[in-house]
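Indexing begins at 1, ligand by ligand and atom by atom, following the structure's order.
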Amino acid sequence: MTPTTPWQAAMITPAEDFDGAPLLRKEFQLAEGHGGIARATLRATAFGVYEAFINGAPVGDDVLSPGWSSYEWRLRYRSYDVTSLLTPTSVLGVELGNGWYRGRLAWHGMSKLYGSELGFFGQLDIEFEDGHIQSVGSDTTWQSGPSATTFNDLYDGQTIDARRNQNGWAQPGFSPGPHWTSVRVLEFDVDRLAEPVSPPVVRADVVKPVEIFTSPTGKTVVDFGQNLVGWLRFTVQGEAGHAITIRHAEVLEDGELGVRPLRSAKAADTFILSGGEDFFEPTKTFHGFRYTEITGWPGTLTADDVEAVVVHSDLERTGTFECSNELVNQLHRNIVWGLRGNFLDLPTDCPQRDERLGWTGDIAVFAPTAAFLYDVKGFLQDWLLDLAAEQKAADGLVPITVPDALKYCPQPPEFPAPESSALWSEASVWVPWALWEAYGDDTVLKNQYESMTSHTRRVEGLLSPTGLWDTGFQFGDWLDPDAEPDKPWDAKADTGVVATTCMFRTASITAQTARLLGHQDDAEYFDQLAARVQASFLEHYVSGDGTISSDCTTVYALAIAFGILPGSGLRVFAGERLAELVRKNDYRVSTGFAGTPFITHALTDTGHVDEAYRLLLEEGCPSWLYPVTMGATTVWERWDSMLPDGTINPGEMTSFNHYALGAVADWMHKTIGGISPLAPGYSRVRIAPVPGQGIDWANTSLKTPHGTVRVEWRLDDGALALEATLPEGAEADVVLPGGEIRTVQAGTHRFDHRNVAAHLDHQGSR
Ligand code: BGC
């Protein structure tokens, strides 16, 4: 019924702003004489964020709806089955907050990027047994009034004054007090309304404190044992007017909250008590934190008094990984938590400081990992629709963040006009491709085809006469560990090499996509483009002996992983040189955002398994395990976000929850775990675990669209015992350590391989 019921609602705004968190209500009678209710559906959205109630009960489990999309073109609405909530006299009540629409966004101190007035748009369609439909839509007959929330902002926090609670405001019979007033209609084009492809944001988990202690300056600090994203909730009683303040931080420094990495985000909630028993839950903000400092708690705070609510998009966990090395397991858990913290309606760089933006480069490299760990098909497809909308409005230019809030923020005059950026803008091609590989559903390729091709063509137009992508600003191998903390772009890798290899990958994927979708002419065009880029790369960046310009790990990793080196000679050389550089650097990580996701793949693909394992298992700084040894519970933005002496890195970009460098999990799943798709969507699976020094067993599983694939292996006295389980209808090529391939069907299969020890010794002696 609902999709065909025409919109009759209007976008309404309260006649008064009510401290930025108004209530809206509409009392109505159910139509009589049509029998019982067959079905009642509420569709709702807002300028800002909303929570909707019918007769006082929440209409759904979602929070922070409608989330953040590119509102200029896509304002998503949620649909709720509310059949069971209605009574003959009913009330539709709504609480609004600033959210992404009107709250602060980005680091320029700006807010109201999308508009200065909050709004609610909702339509309740009630279908009766006789087919009659009664629609109750937001219109000028609604009333608006003040809520208990007196301040709300995603970055800065929320203030709730429980003395302002109005019991029963969303129930029939409530008489609005003198503060209540009318509403106005805002101009709004319903063509912007979009059904979401992504799941809603929900309260996904609850975490209890692990420790409460007094800091050196006498503050009460609660440690939740896990860096997470969400808020605290609790019930409390105390003197009316008394305030409890909660500040949040990811880490401690000198025993106190380390808030400098939050930059200008205040991340503080204040609760003012009513005198009676109060329940507080600040649902119009969110914080990235492990620690909270609680001031003003009446009496002594105990671990039973408060809990942290973990908030993120409602995603199904699909992939698991566990191995014999506990530090690696913790790294994997950190990667999972990094995803959870940053998949809050859109894929963000970080969830805590004055940023929290949909940085395209981060998800360009992390998408394959994400698509293994969770079912992110709808989540990322939805975001890609925003990417395409932004891109279309910008003449094919894929912005560096989606939604593109930065286009509204002042840029220093010396900054060049925005232009496509290698790896970042390439999310337009790489993310759809990762989803295609993971789920085998070409809808995403069809939906994004125009976006993919127009990005590739735009970059084609940016190539120099030499055929290289070597002009314009590039983030390049962002955050190379050898760059100064305040010069994150200052990488060892030549930006032209990074951009040109990325372009090669992009053109190749675009060609494959065109072929898959039957666009033969396009396929040939993009194949030729890829060939031209490759030829230019070889001519200008690869010297006679195979050395690649700037001769550092990232350039070899990308050249190998993206297949830009033809024939075996150059590839073998690149693999040898890469392995040599890794050894020379004592297995410390030497790559930034671009090289890191690909270096372990490049090493193993060229036979340097030992170097890949040693790189992963290294514990000195910088390395993947260094943060784990420092007690990290999420992946950090910088290898050394916390320095070995426990102080926070002085760089102004120092987040403790950035998933980008966690993209190594893709290699862990495919190479240690041994599961990768042989056909998109895993209808055919490649099971090829590559054991290496330092890990004795690994158990990996993936719930694919065809069922669960499980791979377990164990090394015992140099012999490998491998067990692979496949779901009905699937087929796998099992690649054994010597290279022998066995094709198997559904069921559990065991393989014993005796001479793995020799194989490992060989790797070790390389
Ligand atoms: C973000 C990154 C992002 C980068 C690009 C940072 O501020 O946090 O994750 O990709 O900027 O320059």
Could you check whether any heavy atom of W489 sits closer than 4.0 Å to an atom of ligand 1, since that is the contact criterion I want to use?
no

With a heavy-atom distance limit of 4.0 Å, tell me whether R356 approaches ligand 1 through its side chain, its backbone, both, or neither.
neither

Describe, in one word, how the ring planes of F224 and F289 are oriented to each other, choosing from parallel (under 30°), tilted (30 to 60°) and perpendicular (over 60°).
perpendicular

Looking at non-hydrogen atoms alone, which of T360, D349, D362, V365 comes nearest to atom 10 (O) of ligand 1?
D362

Top protein contact for atom 6 (C) of ligand 1, by heavy-atom distance:
E355 OE2, 3.4 Å

Using heavy atoms and a 4.0 Å limit, tell me yes or no: is E652 in contact with ligand 1?
no

Could you label the plane-to-plane angle of the F593 and W424 rings as parallel, tilted or perpendicular, counting under 30° as parallel and over 60° as perpendicular?
parallel

Who's the nearest protein heavy-atom neighbour of atom 12 (O) of ligand 1, and how far?
F475 CE2, 2.9 Å

Ligand 1 atoms in contact with M653 (distance to a heavy atom under 4.0 Å)
6 (C), 7 (O)

Cut-off 3.5 Å, side chains only: do D477 and T554 have a donor facing an acceptor?
yes

Taking the six-membered ring for Trp, are Y71 and Y114 ring centroids under 6.0 Å apart?
yes

Looking at Y449 versus W436, is the centre-to-centre ring distance below 6.0 Å?
no

Show me which atoms of ligand 1 lie under 4.0 Å from any heavy atom of H658.
1 (C), 2 (C), 8 (O), 9 (O)

Should the ring pair W107 and W359 be called parallel, tilted or perpendicular, given that the plane angle runs from 0 to 90° and is split at 30 and 60?
parallel

Closest approach of any protein heavy atom to atom 3 (C) of ligand 1, naming residue and atom:
W359 CD2, 3.4 Å

Does any donor atom in the side chain of H540 or D470 lie under 3.5 Å from an acceptor atom in the other side chain?
no

Show me which atoms of ligand 1 lie under 4.0 Å from any heavy atom of E637.
8 (O)

Atom 4 (C) of ligand 1: closest protein heavy atom, distance to 0.1 Å, is W478 NE1, 3.5 Å

So, is the end of the R638 side chain (NZ or CZ) under 6.0 Å from the ring centre of W636 and within 45° of the ring's axis?
no

